[in-house]
J.: 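Okay, here's the structure, questions in a sec.
Predicted model only: the values in this text are computed from it and were never measured. Just so you know, residue 1 is the first one in the sequence shown, and it goes up from there.
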Amino acid sequence: MASKLEPRDTVGEFAVERLLGVRLGRTKEPEYFVLWQGYPVEEATWEPSANIGDDILDDFHSPESPPPHILDQSAHEIVISILTSLNTSKVTSFSTPMPRPVFRHLFPMLDPLAVSHQFHHVAVSSLPDHFFRQVTHLKKLNCHGQGFEVAGLKVRHRLKQYDLGYAKVDGKMVAKPAAFHEVLTVEITKTIVSLDVDTPPSAAAL
């Protein structure tokens, strides 16, 4: 869909409801996925920052912290996914829905624009200890006293579009409106470690 805005001094009747995502445009400048007031999500458009008010951009880039229980729950789900990945010797990955404010507070060391289009390495030691203190000493043993520990993470957070298929309307098949979700994808790299053979084989050091 074409942009609903001209430069800011000729905005007209269109108003921004909220920003759904960010990406690097063809000119390598940030573009923002705008949900317009009074318009469905399928009519959201990518806009340059010149078409968006500074206060809206500030709220997008520096969102208020979500409630502590939301952050704790999201961090716990990530830790559980990492622990599950230690059951295999292969490099594994997982994806989970994650709103931008949650991502910004769990991974404050990452540039949200940079991670919107490619993976970025995160050292385990740089993860906020309040949320991820378990990861730094998370180990999974096998029956030979060997196992795996987390060597590092590669993280990407982006807006993904999901096509919801078709529905029959007045006897015709029409496409359902697309849905957009912010998704965190994590690739886990592991190293083999020798651990105390007296430790129960299935235990994880938490």
Side-chain angles (χ1 to χ4, degrees), residues 16-24 30-35 41 44 55-88 90-140 147-164 177-191 202-206:
V16 176
E17 180 172 323
R18 64 187 177 96
L19 304 182
L20 300 176
V22 62
R23 70 180 183 185
L24 283 177
E31 292 180 345
Y32 298 87
F33 201 48
V34 179
L35 177 64
V41 67
D55 55 341
I56 296 175
L57 292 173
D58 289 342
D59 289 343
F60 180 76
H61 286 290
S62 300
E64 293 184 3
S65 177
H69 73 278
I70 297 295
L71 294 175
D72 289 338
Q73 178 182 347
S74 297
H76 179 71
E77 291 174 354
I78 293 173
V79 172
I80 293 301
S81 295
I82 292 174
L83 176 58
T84 301
S85 78
L86 295 181
N87 289 316
T88 175
K90 298 179 180 179
V91 176
T92 57
S93 64
F94 64 90
S95 295
T96 182
M98 180 170 288
R100 181 184 183 82
V102 175
F103 170 76
R104 293 290 287 125
H105 285 84
L106 292 184
F107 297 92
M109 76 295 292
L110 294 176
D111 177 356
L113 178 58
V115 299
S116 68
H117 69 282
Q118 65 183 24
F119 284 92
H120 278 253
H121 176 76
V122 177
V124 171
S125 59
S126 70
L127 293 170
D129 185 65
H130 175 68
F131 298 115
F132 297 108
R133 53 184 172 272
Q134 294 175 321
V135 176
T136 58
H137 50 271
L138 198 61
K139 298 177 176 66
K140 184 73 175 180
F148 304 100
E149 66 180 0
V150 179
L153 306 175
K154 290 184 178 179
V155 174
R156 184 179 185 187
H157 184 261
R158 59 181 175 141
L159 187 72
K160 291 188 69 174
Q161 176 178 333
Y162 295 87
D163 294 325
L164 302 181
F180 298 89
H181 298 288
E182 292 170 300
V183 176
L184 172 75
T185 302
V186 178
E187 292 184 353
I188 307 161
T189 55
K190 300 176 287 290
T191 56
S202 61
L206 297 179

J.: Find out whether V124 and F132 are in side-chain contact, i.e. whether some heavy atom of one side chain is under 4.5 Å from a heavy atom of the other.
T.: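 Not in contact.
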
J.: Give, for atom OH of Y32 and atom CZ of R18, the distance between the pair rounded to the nearest 0.5 Å.
T.: 16.0 Å

J.: The criterion is ring pair (Phe, Tyr, Trp, His ring centres under 6.0 Å); which residues satisfy it with F33, sequence neighbours excluded?
T.: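 If we apply the ring pair (Phe, Tyr, Trp, His ring centres under 6.0 Å) test to F33, skipping adjacent residues, the hits are W46, F180.
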
J.: Which is it for V102 and I70 under the side chain to side chain contact (heavy atoms under 4.5 Å, CB included) test, yes or no, and what are the steps along the way?
T.: CA-CA 8 Å; V102 175; I70 297 295; 3.9 Å; yes

J.: Would you say the side chain of V16 lies within less than 4.5 Å of the side chain of L35, judging by non-hydrogen atoms?
T.: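 Result no, sub-4.5 Å side-chain heavy-atom pair not found.
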
J.: Quick check: do I188 and S93 have side-chain heavy atoms less than 4.5 Å from each other?
T.: no

J.: Do S62 side-chain atoms and D59 backbone N/O form a donor-acceptor pair below 3.5 Å?
T.: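 Not confirmed, S62 side chain does not pair with D59 backbone.
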
J.: Would you call I56 and L19 a side-chain contact if the rule is heavy atoms closer than 4.5 Å?
T.: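 I56 vs L19: side chains touch.
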
J.: Closest approach of D111 and L113, non-hydrogen atoms and distance?
T.: OD1-N, 3.0 Å

J.: What is the minimum heavy-atom distance between P30 and L24, and which atoms define it?
T.: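 Residues P30 and L24, closest heavy atoms: N-CD2, 4.3 Å.
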
J.: Is the number of heavy atoms from other residues, nucleotides or ligands under 6.0 Å of E64 CD greater than 12?
T.: no

J.: Rounded to the nearest 0.5 Å, how far does CZ of F119 lie from CG of L153?
T.: 11.5 Å

J.: Rounded at 0.5 Å granularity, tell me how far OG in S126 sits from NE2 in H121.
T.: 7.5 Å

J.: For the rings on F131 and F107, is their centre-to-centre separation under 6.0 Å?
T.: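 No, too far apart.
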
J.: Does L159 offer a backbone N or O that forms a donor-acceptor pair with the side chain of E182 under 3.5 Å?
T.: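 Checked: no pair found.
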
J.: Going from CD1 on I80 to CD1 on I78, what distance comes out if it is rounded to the nearest 0.5 angstrom?
T.: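 It is 11.5 Å, given to the nearest 0.5 Å.
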
J.: Heavy-atom distance under 4.5 Å between the side chains of M109 and H120, does that happen here?
T.: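 Answer no - side chains too far apart.
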
J.: Looking only at heavy atoms, what is the nearest atom pair of V122 and L127, with distance?
T.: CG1-CD2, 3.7 Å

J.: Taking all non-hydrogen atoms of both residues, which atom of H105 and which atom of P66 are closest, and how far apart?
T.: ND1-CD, 3.7 Å

J.: For the backbone of G152 and the side chain of T189, can you confirm whether one donor and one acceptor N or O come within less than 3.5 Å of each other?
T.: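 Yes, the answer is positive, given that a donor and an acceptor are paired below the 3.5 Å cut-off.
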
J.: As an exercise, state the distance from CG of L184 to CZ of R156, rounded to the nearest 0.5 Å.
T.: 11.5 Å

J.: How about R104 and L110: do any of their side-chain heavy atoms sit closer than 4.5 Å?
T.: no

J.: I want to check something: taking the side chain as every heavy atom from C-beta on, are L106 and S74 in contact at a cut-off of under 4.5 Å?
T.: yes

J.: Is any side-chain N of the basic residue among R23 and E31 closer than 4.0 Å to the acidic one's carboxylate O?
T.: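 Salt bridge flag = yes for E31 with R23.
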
J.: Roughly how far, to the nearest 0.5 Å, is the NE2 atom of H157 from the OG1 atom of T185?
T.: 9.0 Å

